[in-house]
Number of protein chains: 2
Amino acid sequence: MDLPTTKDRILDAAERLFGDRGFADTSLRTITAEAGANLAAVNYYFQSKDALIQAVFARRLGPLNQERMDMLDACEARAGDGPLLIEDVLRAFLEPAFKVGHERASTFGRLLGRMYIDPGDIFERIFREQFGATKVRFLGAFRRALPELPPEEMFWRMHFLIGALAHTMAGLHHLKVTSEGLCDASNPETVLKRLIPFLAAGFRAPVPQGDTPCDAN
Amino acid sequence: MDLPTTKDRILDAAERLFGDRGFADTSLRTITAEAGANLAAVNYYFQSKDALIQAVFARRLGPLNQERMDMLDACEARAGDGPLLIEDVLRAFLEPAFKVGHERASTFGRLLGRMYIDPGDIFERIFREQFGATKVRFLGAFRRALPELPPEEMFWRMHFLIGALAHTMAGLHHLKVTSEGLCDASNPETVLKRLIPFLAAGFRAPVPQGDTPCDAN
DNA sequence: AATTGAATCATACGAACGTTTCAATCGAAC
DNA sequence: GTTCGATTGAAACGTTCGTATGATTCAATT
């Protein structure tokens, strides 16, 4: 077995530290110290800190979205000409994310969650490049699973889905503290078993129209 | 009418800039420049940057959680000894958040969303101090609205709720771009009309047990 | 008119940052 | 054994950061 290269050690350390402390609060000196590399190695292998951030994401996001596509392919092949089950589409979207999060001891999960919140052109570009095709593909699948849902409502519900996913991945520690240890997310399947039915029910909810369903004034 | 004081102008500028760029990427010099104040004013009125961050949150979170409690009081008074409607509890939790977000042109909304993601002891303390009582109170209300839900499942679903809320508030711009302008969130009621039914259906979903509902292997 | 205390100001300090430079080191090819 | 490109190393660059200091302004009070 080969020892991991300096480049990989830097990527590993950056992934972990970025997830723990955020991007602005993680210095290249901290990263290289943890990686056992020289400070200049970052600018040697990558060109800048921004490029390092992009590389950290690109390493995981490519395979992750590929696995999502593969699972969706299998779903659609199984469905044939029949309808698509919303639970299957949700699982194709969620399971790869939680699996990569779990393999990496959830460090990359926090990173993913952070990307949706953090500002800056860097993340908007990462988002477009890495998620563009995935978004189009899953939008079609969701439409096929719930054809009666108006397009606008579909966007809203996908937005809620992203939120639940990002916060669940980023804040599993929060949950363990809040529930006083009752909720344990050490196994990805445990999370999916609860998240998928919750979201599926939300997606199947009747479309709200006209006035508000409840007002507390 | 009085002009806003220097202290308030600093809080306003900090709120906006923290929401736009994050905490680490916003310097005190940028804040004081936007506020039309001197750099030293921050350390004069507040003691440090961390204390300024806390002050920014404290100014909004107190009234926000108070309004949540008030709305929940009204819900429970209306319900009497009868059951509590999950939609009412959700609205009491969500509406004040979206209203303060909307009044502030959604700048504080992004801030709130960011707080759940950003690391650091500062936010954990803010979270405990500001949301402790609210959490306990709403946990009870959710239990009363859905008494058949096991405690562990309830924690999970509240976790998903927080995620959908935080990401919806923080990423309304994302949604507008992704939906190509189809989804507009300029009115808080528009968001609530879609978020509450989605979440209510998720909370009412049957409790998952045993094996997984769907596997794509 | 003199005094006081809060508020604002220009300025400087030390530390940490991303980045750059250039010499030292290493392994493989000739 | 020498050469050469790839990699690593130590040190410094200029910048920006949060914070601290001491002078100055100014309205209210004596």
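For the numbers below, each heavy atom of this structure counts, side chains included, while hydrogens, waters and symmetry mates do not. Just so it is clear: chains get the letters A, B, ... in the order the sequence lines come, proteins before strands, and each one is counted from 1.
For B:Ser27, no side-chain nitrogen or oxygen approaches OP1 or OP2 of D:dT16 to under 4.0 Å.
Residue B:Asn43 contributes atom CG, which lies 14 Å from atom P of C:dT8 at whole-angstrom precision. Taking atom CG on A:Asp25 and atom P on C:dA16, their separation rounds to 14 Å, with Å as the unit. Atom P of nucleotide C:dG18 and atom CD1 of A:Ile10 are separated by 13 Å, given to the nearest angstrom. Atom CG of A:Leu52 and atom C1' of C:dT19 are 14 Å apart (whole Å).
Salt bridge present: A:Arg91 and A:Glu189 bring a charged side-chain N and a carboxylate O closer than 4.0 Å.
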> Between A:Ser186 and A:Asp184, does a side-chain hydrogen bond (donor to acceptor under 3.5 Å, both in side chains) hold up when you go through it step by step?
Replying inline: CA-CA 6 Å; A:Ser186 53; A:Asp184 183 60; 2.6 Å; yes

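Residue pairs meeting the side-chain hydrogen bond (donor to acceptor under 3.5 Å, both in side chains) criterion with at least one partner in residues 31-41 of chain B, sequence neighbours excluded, are B:Arg16-B:Glu34.
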>> One character per nucleotide, please: for nucleotides 6-12 of chain D, 5' to 3', B when the base has a protein heavy atom closer than 4.0 Å, S when only the sugar-phosphate does, - otherwise.
In response: SBBBB-B

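The nearest pair of heavy atoms linking B:Arg157 to B:Phe203 is NH1-O, 2.6 Å.
Donor-acceptor pairing under 3.5 Å is recorded for the side chains of B:Asp70 and B:Gln66.
Within 4.0 Å of B:Thr26, counting heavy atoms only, lie sugar-phosphate atoms of the nucleic acid but no base atom.
With B:Phe131 as the partner, the side-chain contact (heavy atoms from CB on, under 4.5 Å) test is satisfied by one option alone out of B:Ile126, B:Val136, B:Leu61, B:Ile162: B:Leu61.
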